[in-house]
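As C-alpha cells, the structure follows; a few thoughts come after it.
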Amino acid sequence: ETLQTGALAAAAAGYTHVFVIPNTNPVIQSKSQVEYIKEKSRSLPVNIHPIGSVSKNAEGKDLAEMYDMYSSGAMAFSDGLNTVQAAGVMVKALQYVKPFDGVLIQIPQDKSIGANGLVNEGIVSTRLGLPGKPAIAEEMSVARDIELADYAASRLHFTGISTGRSVDMIRSAKEKKVRVTCSVTPFHLYFTDSDLMDYDTNLKVNPPLRTEENRAALLAAIHEGVIDCIASHHRPQEWDSKTCEFEYARYGMIGLETAFGVAGAVGITADEWVNLSSINPRKIFRLPDISIQEGQPADITLFHPGVKYQFEERQIRSKSKNSPFVGRELVGSVVGIINGEHVLLNN
C-alpha cells in the first residue's frame, strides 16, 4: 500500500481520518518521520495520523523518542504488529507518556506461549492439523498490561482483542477506573475458526479467529459499551503472500472498504457505528470534536445503513485484494465523504 492508495481505500470506506501503524519501512520512530507522513498526506482526501513506535525499530528493547514524535503530531504510540513483550519496557513507556497524557496501543499477545501457533488452539486446529495459538497467550498479556497501566496511572488501548475473557478483564479494569480502552476488528465479529476448514489464507490473521462463543462475547460487549472502537486492522498483502500453503501465508487481510458493511451484517446499528468509529476514537485520542454547521470545515461521511449488497473485488481501492469478504452479503453501503475541499463519491 502507498499513502495515496491507502487514502483512496479509506475514503471509499467512509473514513476521513485514519491512523497508520509504525511498522513501515523505515519504522516511524523519529520527529522527521512523523513530519514526513503528515506533509505527504496534506494533499490527500483523508487525514493520515502517524502512530509513533514505542521502541527503537519497534523491537521492544530501547524506548524511542516519543515526546519528540508527540510534539510533531504523533497521535499515539505502539510497536504495531510487534507486541511489547518486556514488562519493564512497557511500564517505562507508560510512565514516559503520562506527563503529556499520551496513549499506548498494544495488540495483546504473549509470544512465549504458542509461539509457533497459526490458528486458534482448539478442536478446529486439531482437525486442520495446524499448530494452535491458545487464548491464554492473549489473556496473559491483557492481565499483565492492565496491572502495569494501573501501576503507572497511564493510558492504554488494547486493539484486536479476540476472547471473552479479555473482555471480562477490561470490563473489570474500567469499573476500577484503570485508564484502559479497547477495540475489536470487524473480522473477529464476523468469522470464527470454523470458517478456516477450507484453509482460506485470507483468514490467517493475528490475533487468530476464535470460537463462536468468543465471537458472541465480543458482539455482546459492543452492545454493552465495553468495547470502545472498531479498528479495521487493514493489512494489505501482495498476491504471492496469500496464494500459497496456509503455513507459509502472511498474516492479515484488507479491512477498510468492508468495515461498515460487516458491522451492519453482524447487527451493529448506525448509532453504535458512529460511536465506535468516530465519537469514541476522537475522545480517546484527543482529536477535535466535529460539528456539522455553517462556517465549519466539512468532515462528513455519507452512507445508507440498511442497504444489502454483495461485496465485489471491483469495489476494492486498495492495491491489494486479500479480502475474504468478496462474494459475501454485507449490510450498509458508503456513498462517499466530504472532507474539507475533497468530495469523493463511490460509483
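The residues of the chain are indexed from 1 along the displayed sequence.
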Q. Looking just at side-chain N and O atoms, do Ser30 and Glu65 make a donor-acceptor pair shorter than 3.5 Å?
A. no
Q: Quick one: pull up CZ in Arg127 and CG in Leu196 and give me the separation to the nearest 0.5 Å.
A: 13.0 Å
**Q.** Heavy-atom closest contact (Lys174 atom, Val180 atom, distance)
**A.** CE-O, 3.4 Å
(Q) For Thr83 and Gln106, which I'm curious about, is there any donor-acceptor pair between the side chains at under 3.5 Å? (A) no
Q.
Just checking Lys111: does its NZ atom have more than 12 heavy atoms from other residues, nucleotides or ligands closer to it than 6.0 angstrom?
A. yes
Q. Can Glu147 and Arg144 be counted as an ion pair, charged N to O under 4.0 angstrom?
A. no
(Q) Please find the pair of heavy atoms, one from Asn23 and one from Ala58, that lie closest to each other, and give the distance. (A) ND2-CB, 4.0 Å
Q: Determine the minimum heavy-atom distance between Ile161 and Pro108, stating which atoms define it.
A: CG2-CG, 4.3 Å
Q) For the side chain of Ser320 and the backbone of Pro236, is there at least one donor-acceptor N/O pair under 3.5 Å apart? A) no
Q.
I'd like to know whether CZ of Arg282 has more than 12 heavy-atom contacts from other residues, nucleotides or ligands below 6.0 angstrom.
A. yes
Q.
Could you check whether any side-chain heavy atom of His234 comes within less than 4.5 Å of a side-chain heavy atom of Glu1, counting everything from C-beta outward?
A. yes
Q.
Rounded to the nearest 0.5 Å, what separates atom NE2 in His233 from atom CE in Met253?
A. 11.5 Å
Q: Mark yes when over 12 heavy atoms from residues, nucleotides or ligands other than Lys38 sit less than 6.0 Å from its NZ; otherwise mark no.
A: yes
Q.
So does Ser55 get a backbone contact from the side chain of Asp79, meaning a donor-acceptor N/O pair under 3.5 Å?
A. yes
Q. Does the distance from a Lys or Arg side-chain N to an Asp or Glu carboxylate O, for Glu39 and Arg42, drop under 4.0 Å?
A. yes
Q) Do you know the tightest heavy-atom contact between Gly6 and Leu256? A) O-CD1, 4.0 Å
(Q) Is it the case that atom NE2 in His304 sees more than 12 heavy atoms from other parts of the structure closer than 6.0 Å? (A) no
Q) Is any side-chain heavy atom of Ile28 less than 4.5 Å from a side-chain heavy atom of Val34? A) yes
Q. Of the non-hydrogen atoms in Phe158 and Ile146, which two are nearest, and what is the gap between them?
A. CE1-CG1, 3.8 Å
Q.
Given 3.5 Å as the limit, does a donor-acceptor pair link the side chain of Thr163 with the main chain of Ser166, or not?
A. yes
Q: Answer yes or no: does atom NZ of Lys321 have more than 12 heavy-atom neighbours from other residues, nucleotides or ligands under 6.0 Å?
A: yes
Q.
Looking at Arg171 and Glu224, is any side-chain nitrogen of the basic one under 4.0 Å from a carboxylate oxygen of the acidic one?
A. yes
Q: Please round to the nearest 0.5 Å and tell me the distance separating atom CD1 of Ile268 and atom CG of Leu219.
A: 6.0 Å
Q | Salt bridge present between Asp101 and Arg286 (N-O < 4.0 angstrom) | A | yes
Q. For the residue pair Ile51 and Pro22, what are the closest heavy atoms and their distance?
A. O-CB, 3.3 Å
Q. Are the side chain of Gln29 and the backbone N or O of Asn57 linked by a donor-acceptor pair below 3.5 Å?
A. yes
Q.
Please tell me whether Ser112 and Asp110 have a donor and an acceptor in their side chains that are separated by less than 3.5 angstrom.
A. yes
Q | His188 (side chain) donor-acceptor with Pro207 (main chain) under 3.5 angstrom | A | yes
(Q) Can you confirm whether Asn116 is buried at CG, in the sense that more than 12 heavy atoms of other residues, nucleotides or ligands lie under 6.0 Å from that atom? (A) no
Q) Just wondering, more than 12 heavy atoms not from Lys92 lying within 6.0 Å of its NZ? A) no
Q: Check the side chains of Thr211 and Thr192 for a donor-acceptor pair under 3.5 angstrom, ignoring hydrogens and angles.
A: no
(Q) Contact between Asp68 and Tyr70 at the side-chain level, heavy atoms closer than 4.5 Å - yes or no? (A) no
Q. How about His157 and Phe285: are their ring centres within less than 6.0 Å of each other?
A. yes
Q. How many angstroms lie between CG in Asp299 and NE2 in His342, if you round to the nearest 0.5 Å?
A. 11.5 Å
Q: Flag the pair Arg179 / Leu156 as yes when at least one side-chain heavy-atom distance between them is below 4.5 Å, and no otherwise.
A: no
Q | Donor-acceptor contact below 3.5 Å, side chain Arg155 vs main chain Ile284 | A | yes
(Q) For Phe325 together with Tyr190, are the ring centres under 6.0 Å from each other? (A) yes
**Q.** Short N-O contact, Asp150 and Lys176, less than 4.0 angstrom
**A.** no
Q) Should the pair Glu138-Arg210 be classified as a salt bridge under the 4.0 Å nitrogen-to-oxygen rule? A) yes
Q: Side-chain contact test, heavy atoms from C-beta onward, threshold under 4.5 Å: evaluate it for Ile113 versus Met140 and give yes or no.
A: yes
**Q.** CG/Leu345: more than 12 non-hydrogen atoms of other groups inside 6.0 Å
**A.** yes
Q) Under 4.5 Å between side-chain heavy atoms, hopping through other hydrophobics if needed: is there a path connecting Val91 to Tyr67? A) yes
